[in-house]
Amino acid sequence: LSLAKELAAIVGAEGVLTEAGDLAAYASDSRIEGVPPTVVALPTTVVQVQEIVRVCVARRTPLIPRGAGTGTVGGATPAAAALVLDLSRMNRILAVDRDNLLADVEAGVVTGEFQRAMEAQGLFYPPDPASSDSSTLGGNAATNAGGLRAVKYGVTADWIAALDVVLADGQLIRAGVRTRKGAMGYDLARLFVGSEGTLGVITGLTVRLLPKPAAKQTVLGLFTQLPQAGQAALAILRGPVTPAAMELMDATAIAATQGRGGEALPPGLHALLLDADGQPDAVAAEIDILAATLRDHGAAEVRHAADQAEADRFWSTRRSLSQALYSVRPQRSADDVTVPVSRLVELIEGVARIAEQADVLQACFGHAGDGNVHVNLLYDPGDTAEVARVKRACEELFRLTLALGGTLSGEHGVGLAKRPYLAWEQGPTLIDLQRRLKRALDPLNILNPGKVLP
Ligand SMILES: Cc1cc2nc3c(=O)[nH]c(=O)nc-3n(C[C@H](O)[C@H](O)[C@H](O)COP(=O)(O)OP(=O)(O)OC[C@H]3O[C@@H](n4cnc5c(N)ncnc54)[C@H](O)[C@@H]3O)c2cc1C
């Protein structure tokens, strides 16, 4: 029996893709190109996932779990022959427990659809990656996605109560608790968070919720110098108000977004975009404090969003940055280096210096409140000299980040792209311990082989 026929017996013919045109769509994530998979399976139930894993084990076929493929480091990109397990059809919200502020979801639920479904019920799911319109909750868990609201609410890991995981031998486990806390045994749910499909297939999540904040306001500060925006961000973090979001956008990044439906912003200025959320009176007071801090730290202009439509335009500009940069140059490095917030300004200044010395165009944006700067070195992959300059500049950036006490990825993960650099940040004992964990959970190296660990 061929692999495709065996899979069709499990998921039905409509759940198996073998045509070259269909497979081509799975050859990359949002940035890293690889090879098309041998076959794609689209399960709709946990039992189907278990059976597919068992087929892969019997055939020694590598299996790559995939959510929406919005990743930027090649985690879902096949580097060699493999089956891609596309979880996007497992997209049901199974239950909402209002009393305990929990929801049970399948892994393929789209993040933004889930957020909206919760908000329609007066509830709130805080993790908010800028890719929320297409990324999946399973993919967010597998990468420990951060996002726009992490400065106040934390990252995906902070909102996962429990996970359903199909192990590399096809067994199903549930790791975690439905209580507000839990201390029995090792924190295995946390082990699978951020494991990038290398330790198990996440099929379901129990996520934590909050009541929806009653009010939200948005304010934008514009600066002539980017480091000023960094200083203002630091002043805000030291101040009495924790913003619900605090995003940095440099002038190059903003310029790329103009004319794409977002806010029209003056050229040459850098921005810090902030939200405050909570009770209406408190939000009104908080947004005034945030605006005053922006002014006190050199903002040339401060704009309050007059209504939700204007706030949406500001945020649409922010969300469109990643894609807009492809209109400047065909490829971008998309690094998400993260430093202790007190070193943010040094990082911003260092990036400008490194790009200038390497003679590479760069655009910076990102989660200023987390010390997480998305550094985009913009280049043409067909220009070998430019590619070499970008690689050198990236490595210079990594050295700077580590010297500032930072980490080479705050949220995108390792995948293929950062794999050569894990050993720059972590010592041999730590890497060996991770290899031993991988071998213990996946002795045949079936799950996403060749990713994360060098
Ligand atoms: C425009 C844009 C904006 C972005 N903004 C942010 C941001 O603000 N914050 C942020 O953190 N990231 C951001 N990202 C990166 C990306 O969206 C996140 O990493 C996201 O969590 C990936 O989800 P996905 O469903 O697309 O997963 P995929 O890209 O399909 O997969 C990512 C990794 O997770 C694994 N995986 C996926 N689903 C499962 C599963 N069910 N079980 C086990 N493993 C699985 C894959 O094997 C792969 O290694 C952005 C990307 C883009 C294109």
Side-chain angles (χ1 to χ4, degrees), residues 25-26 28-32 34 37 43 46 49 53 62-79 82-91 105-112 114 127-151 155-157 163-168 192-205 245 247 257 315 318-326 332 334 336 338 365-367 370 372 374 376 409-419 442 447-452:
Y26 291 86
S28 67
D29 63 1
S30 77
R31 204 176 64 86
I32 305 287
V46 177
V49 173
V53 169
L63 180 154
I64 304 176
R66 183 180 175 105
T70 66
T72 62
V73 290
T77 300
L83 175 151
V84 165
L85 186 76
D86 177 338
L87 289 135
S88 62
R89 289 190 188 173
M90 292 181 62
N91 59 358
V105 299
E106 292 182 329
V109 171
V110 171
T111 316
F114 179 65
D128 188 31
S131 52
S132 62
D133 275 349
S134 40
S135 76
T136 65
L137 292 172
N140 295 165
T143 54
N144 193 12
L148 307 178
R149 298 194 280 241
V151 59
V155 297
T156 302
L163 291 177
D164 298 314
V165 181
V166 172
L167 300 176
F192 290 100
V193 173
S195 65
E196 299 186 46
T198 63
L199 298 182
V201 180
I202 298 165
T203 54
L205 304 84
E247 293 290 306
T257 65
W315 283 108
R318 166 61 188 90
R319 286 184 190 276
S320 69
L321 287 178
S322 303
Q323 293 311 311
L325 288 173
Y326 290 106
R332 63 190 182 106
D336 65 322
T338 303
F365 61 90
H367 314 306
D370 309 331
N372 182 186
H374 291 293
N376 294 272
S409 175
E411 52 181 25
H412 292 162
V414 181
L416 287 170
K418 288 257 164 62
R419 193 172 163 234
D442 182 16
L447 296 177
N448 215 358
K451 307 288 171 64
V452 183

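Quick note: numbers below take in every heavy atom, side chains included, and nothing from hydrogens, waters or symmetry partners. Every number for a ligand or one of its atoms is a count from 1 in the order of the listing.
Considering backbone and side-chain N/O atoms, G67 comes within less than 3.5 Å of an N/O atom of ligand 1. Inclusion of G146 in the set of residues having an N or O under 3.5 Å from an N or O of ligand 1 is warranted. Geometrically, ligand 1 and T143 share a nitrogen or oxygen pair separated by less than 3.5 Å. For a threshold of 3.5 Å applied to N or O pairs, the pair formed by T70 and ligand 1 contains at least one separation below that value. Taking distance alone, with nitrogen or oxygen atoms compared against 3.5 Å, Q323 stays at or beyond that limit from ligand 1. In terms of N/O distances under 3.5 Å, ligand 1 is approached by E411. Where the criterion is an N or O separation shorter than 3.5 Å, residue side chain and backbone included, T136 meets it with respect to ligand 1.
Residue contact annotation: G415 has no non-hydrogen atom under 4.0 Å from ligand 1. The shell of residues lying under 4.0 angstrom from ligand 1, judged by heavy atoms, includes G200. Using a 4.0 angstrom heavy-atom cutoff, H367 counts as in contact with ligand 1.
Of all protein heavy atoms, the one closest to atom 6 (C) of ligand 1 is A130 N, 3.7 Å. If you check which protein heavy atom lies closest to atom 29 (O) of ligand 1, you get G71 N, 2.8 Å. Atom 35 (C) of ligand 1 has as its closest protein heavy atom A142 CB, 3.6 Å. Nearest protein heavy-atom contact of atom 42 (N) of ligand 1 is I202 N, 2.9 Å.
Proximity to L87 (heavy-atom distance under 4.0 Å) selects the following atoms of ligand 1: 40 (C), 41 (N). Proximity to G75 (heavy-atom distance under 4.0 Å) selects the following atoms of ligand 1: 47 (O), 48 (C), 49 (O). Close contacts between ligand 1 and S30 involve ligand atoms 53 (C) [criterion: under 4.0 Å to a heavy atom]. Listed by number with element, the atoms of ligand 1 under 4.0 Å from a non-hydrogen atom of G69 are 26 (O), 28 (P), 29 (O), 30 (O). Those atoms of ligand 1 that come under 4.0 Å of a heavy atom in A145, given as number and element, are 11 (O), 21 (O).
Contacts with ligand 1 closer than 4.0 Å are made by side-chain heavy atoms of N448 only, the backbone lying farther away. At a heavy-atom distance under 4.0 Å, atoms from both the backbone and the side chain of S131 approach ligand 1. With a 4.0 Å cut-off on non-hydrogen atoms, P129 touches ligand 1 through its backbone as well as its side chain. Under 4.0 angstrom from ligand 1, the non-hydrogen atoms of H412 all belong to its side chain. The residue D29 has no part lying near ligand 1, judged by heavy-atom distances below 4.0 Å.
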Next on the checklist: The test is salt bridge (charged side-chain N to carboxylate O under 4.0 Å, His left out); show your working for K418 and D336 and say whether it passes.
Outcome noted: CA-CA 11 Å; K418 288 257 164 62; D336 65 322; 3.6 Å; yes
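Side chains of V73 and R419 form no contact here, defined as non-hydrogen atoms less than 4.5 Å apart.
Ring geometry for H374 versus F365: interplanar angle of 30 to 60°, hence tilted.
A distance-only check finds a donor-acceptor pair linking the side chain of S30 to the backbone of T70 [under 3.5 Å]. Between the side chain of T156 and the backbone N or O of A145, at least one donor-acceptor pair lies under 3.5 Å.
Within the set S322, G410, A68, the minimum heavy-atom distance to atom 24 (P) of ligand 1 is found for A68.
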